[in-house]
Amino acid sequence: MGLRKDFLWGGATAANQCEGGYNEGGRGLANVDVVPNGPDRLAVISGQRKMIDFDDEHFYPAKVGIDMYHRFKEDIALFGEMGFKTYRLSIAWSRIFPNGDEDTPNEEGLKFYEELFKECHKYGIEPLVTITHFDCPMHLITEYGGWRNRKMIDFYENLTRTLFTRYKGLVKYWLTFNEINVLLHAPFMGAGIYFEDDENQEQVKYQALHHELVASALATKIGHEIDPENKIGCMLAAGAYYPYDCDPRDVWESRKKDRESYFLTDVQSRGEYPNYFLKEIERKGIKLEIKPEDFELLKKHTVDYISFSYYSSRVTTVNKEILNENTDGNLFASVKNPHLKASEWGWQIDPLGLRITMNDIYDRYQKPLFIVENGLGAIDVPDENGYVEDDYRIQYLSDHIQTMKDAVEIDGVELWGYTTWGCIDLVSAGTGEMSKRYGFIYVDLDDKGEGTLRRTKKKSFDWYKEVIASNGANLRNK
Ligand code: BG6
């Protein structure tokens with residue numbers, strides 16, 4: 001059994017990292033707009049430093065992104081040229097509801113995405129829409145406190161009902177929340193939450209997650225009611241934890257680490273909180289406010305498929321000395337794996353870890369999977385024509401695609417598709433840099449926002465085109 005004939009090859013982006021046009025088309029201000037690049041970024045995205053508007057000291061890369069708001073036709077044409085079967089993108093909530101709590105949506109925002117989806121279909125590209133990719137209208141944060149407030153479920157319901165109704169027939173594949181587990185690591189970015197001085201941060205985060213889980217189940221219900229053809233999935237920042245050592249205590253530690261994320265997919269896929277999670281929060285003294293009707297909603301409206309991002313595996317240990325030898329990663333600190341090399345940003349490279357992660361998830365849920373992010377963030381040096389010889393990216397992607405195929409062909413994992421992250425260069429979520437590039441398409445823009453924004457093809461552009469044309473059979477770098 002090879003990859004399905006209708007395997008959905010493509011690429012992924014997020015509104016806040018590429019659209020720009022932050023104050024155009026009636027769009028309202030959002031959390032993602034006021035996140036600066038530079039040394040203060042981490043404190044802001046993690047909710048430790050309050051930033052609710054722009055200031056003169058910082059640079060805010062999301063204001064312009066890569067200007068896709070004005071250039072989406074040119075960009076989608078390039079995706080079409082590569083033969084994309086799908087394009088994963090996200091909706092900027094504040095384009096549809098500028099404040100978030102209005103009853104009536106902003107027609108200009110709705111029109112924008114309608115045109116974009118139609119443009120995709122022109123090239124036979126199926127849109128895959130993330131309803132929320134780290135963004136939240138600022139008004140919902142200043143007025144209601146973001147996802148810590150249960151009222152957010154109503155506002156999200158309104159958003160999703162509007163989207164499912166308006167885009168019926170145009171969009172079939174949906175994801176409710178991008179990397180839902182990121183809320184625990186970057187609560188301002190994940191859920192519009194910043195903390196007051198003396199509050200119990202864990203309590204706030206888990207309550208916010210409960211609200212998102214209920215909102216996600218409600219969206220799944222509504223999406224299926226409006227169009228039974230809709231396929232609605234969850235999305236996790238995945239990457240299996242390995243024990244540093246075969247000391248059983250390390251093995252146990254790694255299982256516990258995996259559960260810190262899997263409890264969310266357990267709810268979204270199986271419909272209930274697992275016992276290990278309920279015991280854990282009880283020990284921590286966290287009391288979740290759960291309404292009786294939440295249980296039924298979560299149980300009845302589970303997801304159709306499980307999507308995830310994979311950049312690297314992770315490592316943990318009980319050995320305190322080793323535990324401090326951290327490496328960078330997708331917002332998760334992890335122990336450095338001595339067997340692996342790393343990217344220029346310290347993210348360790350582990351293609352086999354993708355196969356391991358796919359098997360872990362499939363064994364656990366037996367639902368179709370969708371890899372919606374994978375890729376290498378690297379410094380690219382273009383020649384005078386804007387051409388980049390990105391053999392390192394081709395190597396990274398082909399190694400991962402090979403193990404992905406092994407998971408399908410040898411292990412029998414059911415997989416719907418694969419979208420590489422940042423198929424066109426865009427602003428990094430973690431660092432706010434432009435210089436951390438993932439794309440097949442180079443964008444002339446630097447970390448200070450200087451550049452022509454011109455798009456040029458990298459070497460990987462033609463390579464990926466061939467991968468898609470051969471349905472993954474030809475991974476060779478010529
Ligand atoms: C995922 C996010 O965490 O990883 C993306 O869903 C993000 O938004 C991607 O861009 C890569 O991370 P970074 O920090 O290199 O942009």
Side-chain angles (χ1 to χ4, degrees), residues 10-19 30-33 35-39 41-42 44-46 61-62 65-66 68 87-93 128-136 175-191 212 233-239 261 264 306-314 327-334 342-349 354 357 370-380 392-393 396-397 400 418-439 443 445 447:
T13 63
N16 75 84
Q17 291 166 258
C18 63
E19 264 181 25
N31 58 340
V32 284
D33 300 331
V35 177
N37 68 8
R41 186 173 179 92
L42 193 60
V44 175
I45 64 177
S46 60
I66 55 160
M68 212 193 234
Y87 168 42
R88 174 179 176 233
L89 68 140
S90 78
I91 301 278
W93 188 341
L128 162 56
V129 173
T130 317
I131 296 172
T132 304
H133 192 127
F134 297 153
D135 69 323
C136 181
L175 298 172
T176 51
F177 290 91
N178 180 61
E179 298 189 333
I180 192 163
N181 49 333
V182 159
L183 189 155
L184 292 168
H185 307 269
F188 185 67
M189 201 161 75
E212 289 197 354
C234 55
M235 164 31 167
L236 196 73
S261 292
L264 290 157
I306 292 157
S307 84
F308 61 93
S309 59
Y310 175 85
Y311 293 92
S312 185
S313 52
R314 300 159 184 152
T327 176
D328 281 330
N330 189 6
L331 296 166
F332 294 70
S334 159
S343 77
E344 286 152 314
W345 272 263
W347 294 24
Q348 292 200 282
I349 300 173
L354 175 59
T357 303
F370 207 133
I371 301 168
V372 293
E373 285 184 34
N374 175 235
L376 177 72
I379 292 179
D380 288 336
Y392 38 90
R393 182 167 295 109
Y396 178 101
L397 292 172
H400 283 77
Y418 172 82
T419 58
T420 65
W421 175 250
C423 44
I424 179 166
D425 292 347
L426 39 62
V427 176
S428 156
T431 69
E433 293 163 299
M434 250 329 275
S435 48
K436 190 179 188 191
R437 296 171 184 276
Y438 287 85
V443 176
L445 189 70
D447 292 341

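Counting convention: from 1, in listed order, for ligands and their atoms alike.
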Would you find a donor on one side and an acceptor on the other, under 3.5 Å apart, between the side chain of [X] and the backbone of [Y]?
| X | Y | value |
| --- | --- | --- |
| S307 | C234 | yes |
| Y396 | G375 | yes |
| S312 | Q348 | yes |
| N31 | F188 | yes |

Any N or O on [X] sitting closer than 3.5 Å to an N or O of ligand 1?
| X | value |
| --- | --- |
| Y438 | yes |
| M235 | no |
| A429 | yes |

| message | Can you confirm whether the side chains of S428 and Y438 place a donor and an acceptor under 3.5 Å from each other? | response |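 Result is no, nothing qualifies.
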| said: Assess, by modelled atom type and distance only, whether the side chains of R88 and T130 contain a donor and an acceptor separated by less than 3.5 Å. | reply: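 The answer is yes; a qualifying pair exists.
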Side chain, backbone, both or neither: which part of [X] comes within less than 4.0 Å of ligand 1 when only heavy atoms are counted?
| X | value |
| --- | --- |
| S428 | both |
| W347 | side chain |
| V182 | neither |
| F134 | side chain |

| Has Y311 got any heavy atom lying under 4.0 angstrom from an atom of ligand 1? |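 Yes.
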| Considering only heavy atoms from C-beta outward, does the side chain of F134 approach that of V182 to under 4.5 Å? | yes
Can you list the ligand 1 atoms lying under 4.0 Å from a non-hydrogen atom of [X]?
| X | value |
| --- | --- |
| H133 | 2 (C), 5 (C), 6 (O), 8 (O) |
| K436 | 13 (P), 14 (O), 15 (O) |
| G430 | 13 (P), 14 (O), 16 (O) |
| Q17 | 5 (C), 7 (C), 8 (O), 10 (O) |

| side chain to side chain contact (heavy atoms under 4.5 Å, CB included) with Q17: which of M434, H133, M68? | H133
